[in-house]
Amino acid sequence: MKAETFRRWMGISMISLLGFATFTGVMLQAYHVPTLEKAPHAYLMLRTRVFLGDAMMAMHFWSAHLLMALAMLHLVETVWNRRFRAARVQWLVGWALLGLLVLADLTGHLLPVHREGYWTYTRSMEALRMIPGVRSVLGLLLGWQEGVSNLTYVRTYAFHVTVFLLLFGPLVVWHGMRWMKERWTLSYRRFALRFLEIVVGTVAILATLGFVLPVVSHRLEDPLHPPAHTAAVWALRPVYGLSRWMPEGVAALLFLLTLVYGMLLPFLPERAAGRSRRTMLLILLTLLLVSAWLGGQG
Amino acid sequence: MNLLILSLWLVLPDSSCVVCHSDLAGAYRESIHTRAAIGCTTCHGGVAGPLEENLAHRGLRKGSLDRLQVPRLCGGCHSDAEKMRPFGLPLDAFAYYQTSAHGRAWKRGQRDAAVCTDCHGVHEILSVRDPRSPVSRAHLVETCASCHADTARMKAFHLDPHIPQRYRESVHFRAASAGNTHAPVCTDCHGSHGAAPPGVRDVEQVCGRCHTREATAFDESPHKTAYIREGLAPCTSCHGEHDVQPLTLERLQETCTDCHDENDRGGRRAKELWSMFYETLARLRKAETLIQTMQDRGYPVEDLKGTLQDAREAWMVALPLVHTLNTDTLALALGQVRGRADDVQGELHERANRKKEGRVLLLVLWFYVLLTIGVIEARLRAEHPQREQML
């Protein structure tokens, strides 16, 4: 498979996953009760009493996870092939989309108020508050003080179902249109047929995951049987792994600096960006995997 | 050492005694009597203050207090309302003691009879609420066993020295060892100061103090009158005395046939009861297994755990009713258990069926997806076979 075909396949898959996550999300919204007290019961009712509710929940879950995995693969592929230098604005928009995706993922974890999600959200918010200036922003946007209040929950819900979607839409269209403008090689008809092919394939894969595999780790909090260990979702584990090596404030700052460095990569002179970037990327990936493994340990 | 004695002299009541009797100072310092400012002279006589032996020992009760003097000496204060009022202690300990098997032996002048200090300690007497005390619930069995497991000592009283060991095999001891502070220890059945074995007619009352529902159910049973008529001890006949065991389903029929013939009325009723319990328990266990299996497979079962808990509670309510031997009463109570267990099973089966239906839908979906992809591929290849290389 040629690189451009792979990219096209990946882009269309991500768009269909995003579309599918939105569709299932809208369906789930019909049954969700966005208050801290009632959300767990609504979640349980959705999974046990609503026709195809469990499958819908599982498909939403898997589409979000697959989307995150593909976005990371896309980032690695872009860096590996040094494509960021030729499309600097695309690179920045890509970063913004990745950031939105992480935030959407994070806020989505809180909504059912299950054990792992609640823990992940709370710990992430605490870590984010370590970054200078973020504390007041979180307080202002989410009403976050010392924990998840009803106000924080409702605002998190609003961000997850509305604000992020509104931001996603124009950015995805811009990202896709720009790519089509630069790399367009197919007729619209052929593209539409390929698009349809990938969308139906993605739907089939998601439906299979939704019907066959359960929503992993979604257990409601049981105060009488607390878990021996709770780990964050896989995508956030490297950050938690890092926070075990160093103080949380330092980890948060390092994370912020890596983020800024990554965003500014195409704008740095070739020498400053490093010559053997592929070796650097391999080292970074290994470090991330080790940190992720550490972050998941008890 | 001298500094320690000097400091104790300053804090202990009658502290002049510990200047010479320093070996007792450590134990006495921890005692509840020290906290109540009761000094050595209260029990031993003598004069507090002077450091010369002749002056300090004036009016001293000679030698150590004799074992046989102890109950009356302790009872002297512990029966005095004025003295006990600040501490809220009962005044009947000595009176009860005299009615006990221990007290009766003491009255007969038997030197091996248990006196206050055998259980409470001598100088290091601690509050009964202090977990270090030998009469606290945590240590009481060991304290009683220190005499009651002593073969030589028990021989004099014609008592079985294996009783403490048998208690350690009981369900009561298992519960106590597991940290259940409500599990009975020796004094709960025998009494503390008035310790005496309950008589045959008292057993039901003694057991019924904790097992109220069992006792009420037993009152309704035909066993009640039969036991009184035959002079049998109600509870212990089936459950054992010190090695008390619950009557499990495995042991139910076997125990009943100790007295009943398999084919007489009692034997048939035992079989009937056994099958009722067995069938209900099987359904409850099946629901438990099913819920665990479904949870392991990732199905949401949190809502059904509540129903399962209701079934378990209904089972606990139904269990004591076996003492009525009334199948109608029992059928009603066990029906509650079966109903809830069936609810759980039914709901889980329904969920599993829904999952199966979903998988059928999935097959249909895959058929159409593959068909769509096949049609698209065929059209694309038919239109531009050479350009497919690009994709």
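Order of the sequence lines fixes the chain letters, A, B, ..., with proteins taken first and strands second; residue numbering starts at 1 for each chain.
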* I would like to know whether Arg83(A) and Glu77(A) meet salt bridge (Lys or Arg N to Asp or Glu O under 4.0 Å); could you show each step before the answer? => CA-CA 9 Å; Arg83(A) 293 196 301 115; Glu77(A) 186 266 336; 3.0 Å; yes

* Taking the six-membered ring for Trp and the single ring otherwise, decide whether the centroids of Trp315(B) and Phe277(B) are under 6.0 Å apart. =>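 For Trp315(B) and Phe277(B), the ring centres are under 6.0 Å apart.
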
* Atom group of Ile373(B) that falls short of 4.5 Å from chain A, counting heavy atoms ->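 The answer is both parts of Ile373(B).
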
* To do: Could you look at Glu350(B) and say if it's the side chain, the backbone, both or neither that has a heavy atom under 4.5 Å from chain A?
  => neither

* **Portion of Ala55(A) that has a non-hydrogen atom of chain B nearer than 4.5 angstrom** => neither

* Structure fact -> Most heavy-atom pairs under 4.5 Å with chain A, out of Leu365(B), Val369(B), Leu362(B), belong to Leu362(B)

* Fit a plane to each ring of Tyr167(B) and His172(B), take the angle between them on a 0 to 90° scale, and name the class: parallel (under 30°), tilted (30 to 60°) or perpendicular (over 60°). =>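 Tyr167(B) and His172(B): tilted rings.
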
* To do: Work out which heavy atom in Ser63(A) is nearest to a heavy atom in Leu206(A); give both atom names and the distance.
  =>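 For Ser63(A) and Leu206(A), the tightest heavy-atom pair comes out as N-CD2, 3.4 Å.
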
